[in-house]
Amino acid sequence: MSKILIAEDEVLMLKALEFKLKKDGYQVDVAADGRQAMEKVKSNTYDLILTDIMMPFVGGMEILSYIKNDPIKKSTPVLLISAVGLENVVLEGFHLGADDFIYKPFNLNELSVRIKRYIKQNVF
Amino acid sequence: MNFFQTIFNYIRETYTDRLFYFPSNIRISLLIILFCVIAVLELYLYISFRRAQQIKKKRDEAKWKEYIDNMLANLVIFDESDSTEEIVDHFYPKMSKLPLRNPIVNQVLTAEILTYHKNFTGKIQEVLSILYRRLNLDKQSKKKINNKNWEVKIEGIREANEMRIKEMAGEIIKYTDDENGLLRMEAQAAYIKLSEQYPFRFLDRAQERILDWHQVVLFEIITKNKQLVIPSFSHWLRSPNDTVVMLCLKLIDHFMQFDASQEVQRLLKHHNPKVVKKSVEIIGKLELADAEKHMFEVYFDQPEEIKLEILNSLGKISSGNYNEFLSSRIYSSDPKIKKEALYAIKRNPAYGEAKLREIYKQTTLENQALIKHVLDHRIKQ
């Protein structure tokens, strides 16, 4: 069973994403802020990480940067969630190695399909 | 224990048996002290009561939030293939059992539905919109809009806007020209999104200023809303409100509304220099050759900033009718004007550079240096 980490500070969003991905058959780990997410990233291995960009303590970009600079974890797909569609933020994310960007508001089913694709790519 | 008993008895006796034996100034002081002590005690009681109330409120909020969050999170277990009605029918009975008369529950449920609605698209949004109405939360929003307090009004407008309650447009329009800037801005932004037939009607009655940064917000809403039927903004170019004129000019510019050309040309004689400058900019962008003569007519009465814009626009139009005028500008005492005029001449793809070389031969050393600069392709304007 593929393991996914969701890092999102909005409790309602976190819960919805958790429910959805569990329903899709994934093993889900959650972090309600950036610090928690960073700790989990450091101590666990995930098949995919879904993280909000703006979070308390540690931002999504820092988490992304840590993962992509770690020789073991760098192949983990990282999907960034953001309400900010600014060109420079997107560019910065892609420069740091983000695999995809999800803009709020988004369709949960579309997210589900994207996650499936990234996990499949990573497995084979 | 005896010590406290003695003190208590002493105070009691002071205020009962002995009070009338004291001189009047001491008596007054004692009464003031008594009053202060009672007031402080009451204040402590009041603060403690309020704190207890707030703690209870927070606890209740957290309890209901968790309950409602879990209930709403179940929305994601449905597939896109399930019918909207089916999902609504599943959730409505549970939600209608919530004690919605309790303001905490009402507030939490409204906030959570709004968060979901804001962050997710697709069927979830549709389901939430229907549930919002069925639970009569839209009526709460309407009540808020008609509340006396402007902050509550804004809250109601935001709710109606987020949940797309179109019938609220009629309620909201009355605040689009409110004295309170924040309420006005919120109402204008919501009205554009909610009014189905006349989303720009608020511009007809706008007497209050539309602040520059709010113009940016409205511009974003208007230009990014694909469902909006865009009218001819020339309709509002005669508005006595300069900020309405400015907003409309920006929109005419964005939507390239050629039908507004006559009205835009008329604005070259407007009293507000900002309006004149924007009009000149549009004339250049739309390449309105008819407007060249009008720009020429007003040129000499304008401040430097607008003169530069006129030269720029003449360059963009490049009809050739005003080449002599542009050439004569290089004898201006203002180097910015000289440079802009030279760039305007250069803009003509057919003969611009040839004309500059011709001028080069007949002009002063200073102008020659400037022409060299303008002709240098490595230097951008």
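Sequence lines set the chain letters: A, B, ... in the order given, protein chains first and strands last, and positions in each chain run from 1. These values consider heavy atoms only, across backbone and side chains, with no hydrogens, waters or symmetry-generated copies.
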Note to self: With chain B as the partner, which of A:M13, A:K104, A:E10 has the greatest number of non-hydrogen pairs under 4.5 Å?
What the structure shows: A:M13
Item checked: Part of A:K20 lying under 4.5 Å from any heavy atom of chain B -> both
Check: Do you see a donor-acceptor pair shorter than 3.5 Å between the side chains of B:K123 and A:N107?
Finding: no
Check: Between A:E18 and chain B, which part of the residue has a heavy atom less than 4.5 Å away: side chain, backbone, both or neither?
Finding: neither
Next item on the list: Indicate yes or no: at least one non-hydrogen side-chain atom of B:E61 is less than 4.5 angstrom from one of B:Q107.
Entry: yes
Check: Hey, which of A:D24, A:L111, A:N109, A:I81 has the most heavy atom pairs under 4.5 Å with chain B?
Finding: A:N109
Margin query: Any carboxylate oxygen within less than 4.0 angstrom of a Lys/Arg side-chain nitrogen, looking at B:R133 and B:E167?
Written below: yes
Note to self: Give me the atom names and distance for the closest heavy-atom approach of B:E155 to B:K144.
What the structure shows: OE2-NZ, 3.1 Å
Item checked: With B:E220 via side-chain hydrogen bond (donor to acceptor under 3.5 Å, both in side chains) - residues at least two apart -> B:K224
Next item on the list: Please look at B:I124 and chain A and tell me whether the side chain, the backbone, both or neither of the residue comes under 4.5 angstrom of a heavy atom of that chain.
Entry: side chain
